[in-house]
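Below: the structure, in structure tokens.
For the single chain, residues carry numbers from 1 onward in sequence order.
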Amino acid sequence: MLKAVSIVTCITIISIYTLLITIIYPYVCWFKHRPSDDDYSILPPIATIINKKSTKSCSNKNQLHLMPMPSKIILLNRTKTIHIPSIIRIETKRSLSFSILKSFKNASFILYIDYEFDMKNNSYPYLGIDESYQLNITSTNHAFLYAKTYVGIIRGLSTFQQLQYHDKISIPLLIFDKPQFIWRGLMLDVARHFIPITIIKQTINLMQLVKMNVLHLHLSDDQAFRLESKYFPRLHDSYEFYTQLDMKNLIEYARQHAIRIVPEFDMPAHTTSWFIGYPYLATYKNISYQLEKTWGIKNATMDVTRQSTYDFLDKFFSEMTHLFPDQYFHIGGDECEPYEWMQSEQIQKFLKKERLYDHQGLQAYFTRRAEKLLNKYNRTMMGWDEISTSNLSHQSIIQSWRDKTSLIDAVHRGYHAILSHGFYLDHMSSAEYHYNNDIKIDIILNKTEQKRILGGEACLWTEYINSNMVHSRTWPRTAAIAERLWSSTYDKIECMYDRLAIMDKIFFHSNDEQYIKDLSTLTRNVNSLKLLADLCEPLGLQGRDRTRNYTKQTLLNRFVDILKPESEQIRQLIKTKNISLLYSTFISWKINLLNINSNDTNILQLSENLVQLSEIGIRLLKLLNQNQQRQIVSSRWYYYQIYKLNILEYQIPEIRLAGVRVIRNLLEEFDPCSFDLINLSLILCFPIIVIFAQRIGFIRRRILVPCLNFIYYYCGRC
């Protein structure tokens with residue numbers, strides 16, 4: 001009897017499940033929504049518009065594509081629109097002994113300039129100088145620029161210069177502007193790869209345009225010492241170096257653009273180049289030192305226990321402070337490897353004598369003595385965040401590079417500080433990443449501590465960047481950093497990018513001449529290679545030092561070295577809703593392989609990957625509904641596409657196939673359905689499992705019944 005009941009029960013369960021499967025079967029995603037082979041055809045998609053979420057338009061003030069955005073813009077009734085001509089006449093109440101826009105006597109548009117303090121009373125800009133200005137354009141042929149200092153005039157001229165490239169502006173227009181932070185710098189590493197003066201001057205011109213005010217030159221490292229010393233002529237590199245006359249001219253050029261130059265001579269580590277001509281400065285004096293050819297942290301350190309080291313530095317500081325007029329002098333102080341100090345018996349005895357407990361205490365001892373020497377020449381010390389534990393004068397500036405914690409720690413200790421963490425240009429991060437790097441830390445710091453944060457500094461380390469690459473690696477992303485440091489309010493990311501793209505087209509890369517010239521060295525068909533290059537991006541420091549054994553002699557002329565850090569074409573494609581435009585773009589990707597004429601295996605593989613990418617993109621376009629409703633696809637197919645995209649994006653070492661972002665964004669217009677063939681299989685198998693469990697008493701008593709009881713009580717409590 002029991003057996004008959006069990007059989008009837010099992011048949012009933014199977015019948016119910018058969019009925020459920022019959023009802024559910026049409027909705028199983030694997031069968032209804034899995035893309036078919038027909039989606040590979042080259043016929044254009046049926047849908048015309050992608051139903052993307054609409055983005056809010058930029059605010060009215062952003063109709064002015066200025067960078068950085070001024071603090072306050074007043075657009076009154078907008079009664080007229082004008083175009084400021086490139087040829088203008090400049091009138092001033094006093095002569096201006098610094099570079100300004102060209103003035104033409106017969107020009108119809110007049111710019112009146114006036115400022116309070118005479119240039120002669122303050123020839124070199126100092127930290128904290130008033131940089132505010134007021135620019136009024138009230139008629140069709142007149143503008144007025146006023147500031148308290150000549151530096152403010154130069155900042156206002158930068159804004160006026162950008163306005164000249166606007167097609168039209170509404171008048172009357174009033175701009176009141178001042179910086180949020182007083183330190184807005186750019187660090188150039190000229191030690192790893194030499195950067196000619198002409199390129200540095202070009203950089204200064206663009207720094208002035210975006211209102212940056214500090215050029216920090218990293219002049220010495222293990223690989224080279226780049227500045228001539230007349231007191232110690234064996235210090236500098238014999239071939240690629242700056243004479244003192246070169247540096248004096250550069251300082252004057254920067255001064256005329258209201259930019260200060262801060263020198264950095266790294267010590268007590270990163271000093272191999274010092275020991276070639278002056279080995280008695282080294283901890284190990286019996287070693288024959290040579291310039292390092294590879295990158296990374298080296299063991300060579302100064303012997304900071306000997307008086308002769310400080311006598312040398314005293315004379316060196318005397319010479320360099322005479323050459324550099326800036327109040328601040330950077331001594332580096334980063335990445336001091338203690339190996340040589342710990343191996344030296346003489347230094348170990350010194351540690352015990354001075355009651356210094358470790359190498360950090362010894363470096364702090366050195367830093368304090370170096371600070372006293374700089375104070376002797378009326379200079380204020382500056383260094384990387386490792387020196388913040390050295391009990392220095394609170395006037396010292398700590399440059400935070402490892403993380404924001406070191407910035408917070410420095411201001412807690414009473415130091416002034418600037419932030420470089422998050423502003424490393426050689427990491428090839430996006431402009432968005434830099435723009436979102438907030439310096440204000442109001443939650444943790446009180447108002448007094450927040451005021452000790454003077455600003456920030458972008459850093460361009462040149463292990464994998466030569467002089468030919470400096471411009472493309474610096475701009476336009478540095479303009480986003482400049483705005484973060486100048487402007488008190490921040491724009492929407494898309495609006496910032498729109499302004500950045502216009503600035504790039506007008507000022508930074510107006511015709512991509514160097515970019516195209518470099519690509520032409522790799523192929524005869526530049527247009528096809530440019531199409532591919534515009535869809536690729538180089539990886540940063542971490543992506544390069546793990547793939548090849550780079551040295552100082554490694555030529556940086558490969559495809560990865562030519563690529564732009566961030567693709568504007570990708571951003572525009574992600575924004576578009578026009579399916580026809582996307583379809584034609586994907587077709588051009590697909591056929592581009594046929595036109596690539598190169599022997600570079602990486603270029604050929606990237607071209608093949610681009611073909612695969614285009615096929616995925618075309619298939620997705622054809623799956624879009626014409627009624628603009630979100631399409632449902634199988635979850636297995638959906639996540640398999642994500643897997644393929646991840647492979648294609650980073651398959652080639654050192655290069656990111658940025659075109660993947662376009663397809664990934666398109667894929668997000670679909671919804672994965674989790675109810676597919678796997679779920680159907682489980683439903684079919686479940687009654688069989690139940691029957692099997694019911695027929696075997698042990699399983700029923702020991703497993704099935706306890707599980708049902710647990711579920712019953714758990715659900716009852718919920």
Exercise for the section: For the pair Asp534 and Lys564, find out whether any cationic side-chain nitrogen is under 4.0 Å from an anionic carboxylate oxygen. Expected result: no
Exercise for the section: Using a 4.5 Å cut-off on heavy atoms from C-beta on, say whether the side chain of Glu483 contacts that of Val210. Expected result: no
Handout entry: Contact check, side chains of Pro263 and Leu217, non-hydrogen atoms, under 4.5 Å
Key = no
Handout entry: Residues Thr523 and Asn597: side-chain donor-acceptor under 3.5 angstrom
Key = no
Exercise for the section: State, without any angle test, whether Tyr253 and Asn205 hold a side-chain donor-acceptor pair at a distance under 3.5 Å. Expected result: yes
Exercise for the section: Evaluate the salt bridge (Lys or Arg N to Asp or Glu O under 4.0 Å) criterion for residues Arg192 and Asp426: first the C-alpha distance (whole Å), next the side-chain angles of each, then the deciding distance (0.1 Å), finally the verdict. Expected result: CA-CA 13 Å; Arg192 271 56 176 265; Asp426 54 300; over 6 Å; no
Handout entry: Ser584 side chain vs Ser580 backbone, donor-acceptor pair below 3.5 Å
Key = yes
Practice task
Would you mind checking if Asp504 and Arg477 are paired as a salt bridge, meaning a charged N to carboxylate O distance below 4.0 Å?
Solution key: no
Problem - Close side-chain approach of Ile200 and Leu250, heavy atoms under 4.5 Å - result: yes
Exercise for the section: Inspect the surroundings of OH in Tyr424 and state if more than 12 heavy atoms from other residues, nucleotides or ligands are less than 6.0 Å away. Expected result: yes
Practice task
Side-chain contact test, heavy atoms from C-beta onward, threshold under 4.5 Å: evaluate it for Pro70 versus Trp486 and give yes or no.
Solution key: no
Exercise for the section: Measure centre to centre between the rings of His166 and His65, then say whether the value is under 6.0 Å. Expected result: yes
Exercise for the section: May I ask you to decide if Asp438's main-chain N or O and Lys404's side chain share a donor-acceptor pair within less than 3.5 Å? Expected result: yes
Exercise for the section: Say whether, by atom type as modelled, one donor and one acceptor occur between the side chain of Asp512 and the main chain of Tyr515 under 3.5 angstrom. Expected result: no
Problem - Side chains of Met67 and Phe507 in contact at under 4.5 Å (non-hydrogen atoms) - result: no
Fill in the blank from the handout: Sorted by chain and residue number, the side-chain contact (heavy atoms from CB on, under 4.5 Å) partners of Tyr112 (sequence neighbours excluded) come out as Glu91, Ile110, His142, Phe144
Exercise for the section: Start with the C-alpha gap between His330 and His218, add the side-chain angles, then the distance that decides, and say whether ring-ring contact (aromatic ring centres under 6.0 Å, His included) holds. Expected result: CA-CA 9 Å; His330 204 301; His218 182 79; 8.1 Å; no
Handout entry: Sequence-distant partners of Glu654, salt bridge (charged side-chain N to carboxylate O under 4.0 Å, His left out), two or more places apart
Key = Arg544, Arg558
Problem - Contacts of Tyr146 that satisfy ring pair (Phe, Tyr, Trp, His ring centres under 6.0 Å) - sequence neighbours left out - result: none
Practice task
Spell out, as yes or no, whether a donor-acceptor pair under 3.5 Å connects the side chain of Glu566 to the backbone of Ala431.
Solution key: yes
Problem - Short side-chain to backbone donor-acceptor contact, Ser400 and Leu419, under 3.5 Å - result: no
Exercise for the section: State whether the side chain of Arg184 and the backbone N or O of Arg484 hold a donor-acceptor pair below 3.5 Å, judged by distance alone. Expected result: no
Problem - More than 12 heavy atoms from other groups under 6.0 Å of NZ on Lys201 - result: yes
Handout entry: Short side-chain donor-acceptor distance under 3.5 Å, Gln208 and Asn213
Key = no
Exercise for the section: Assess Arg226 against Phe194: is NZ or CZ under 6.0 Å from the centre of the six-membered ring, and within 45 degrees of the ring's axis? Expected result: no
Practice task
Please name all residues satisfying ring pair (Phe, Tyr, Trp, His ring centres under 6.0 Å) with His434, sequence neighbours left out, ordered by chain then number.
Solution key: none
Handout entry: Modelled atom types, side-chain donor and acceptor of Thr576 and Asn578, under 3.5 Å
Key = no
Handout entry: Test item: Asn136 and Pro172 side chains (from C-beta on) under 4.5 Å apart, heavy atoms
Key = no
Problem - Short side-chain to backbone donor-acceptor contact, Thr462 and His193, under 3.5 Å - result: yes
Exercise for the section: Would you confirm whether Arg473, through its side chain, and Leu425, through its main-chain N or O, come within 3.5 Å as a donor-acceptor pair? Expected result: no
Practice task
May I ask you to decide if Thr489's main-chain N or O and Ser487's side chain share a donor-acceptor pair within less than 3.5 Å?
Solution key: no
Problem - Interatomic spacing from CG in Leu621 to CD1 in Ile579 - rounded to 0.5 Å - result: 6.0 Å
Handout entry: NZ/NE/NH1/NH2 to OD/OE distance under 4.0 Å, Glu131 and Lys148
Key = no
Exercise for the section: Spell out, as yes or no, whether a donor-acceptor pair under 3.5 Å connects the side chain of Glu537 to the backbone of Ser567. Expected result: yes
Problem - Residues forming a side-chain contact (heavy atoms from CB on, under 4.5 Å) with Asn249, sequence neighbours excluded - result: Leu245
Problem - Exercise: do His216 and Glu264 side chains pair donor with acceptor under 3.5 Å - result: yes
Exercise for the section: Cation-pi check, Lys178 to Tyr133: give yes when NZ or CZ is under 6.0 Å from the six-membered ring centre and within 45° of the ring axis, no otherwise. Expected result: no
Exercise for the section: Would you give the length of the straight line joining atom CG of Leu186 to atom OG of Ser420, rounded to the nearest 0.5 angstrom? Expected result: 10.0 Å
Problem - Non-hydrogen atoms of Ser472 and His509 that approach each other most closely - result: CA-NE2, 3.8 Å
Practice task
State, with a plain yes or no, whether a side-chain heavy atom of Leu613 is found less than 4.5 Å away from one of Leu610.
Solution key: yes
Practice task
With rounding to the nearest 0.5 Å, note down the distance linking CD in Glu513 to NZ in Lys517.
Solution key: 7.5 Å
Practice task
Using distance alone, with no hydrogens and no angle criterion, decide if Tyr497 and Arg571 have a side-chain donor and acceptor under 3.5 Å apart.
Solution key: no
Practice task
Tell me yes or no: between the side chains of Gln180 and Ser488, is some donor less than 3.5 Å from an acceptor?
Solution key: no
Handout entry: Test item: side-chain donor near acceptor, Tyr464 and Thr554, under 3.5 Å
Key = no
Practice task
Using a strict cut-off of less than 4.0 Å between a Lys/Arg side-chain nitrogen and an Asp/Glu carboxylate oxygen, indicate whether Arg661 and Glu649 qualify as a salt bridge.
Solution key: no
Exercise for the section: Among residues two or more places apart or on two chains, list those pairs meeting ring pair (Phe, Tyr, Trp, His ring centres under 6.0 Å) that have a residue in residues 167-190. Expected result: Trp183-Tyr328
Exercise for the section: Say whether Tyr124 and Asp326, considering side chains only, have a donor N or O and an acceptor N or O under 3.5 Å apart. Expected result: yes
Problem - Contact check, side chains of Leu209 and Gln162, non-hydrogen atoms, under 4.5 Å - result: yes
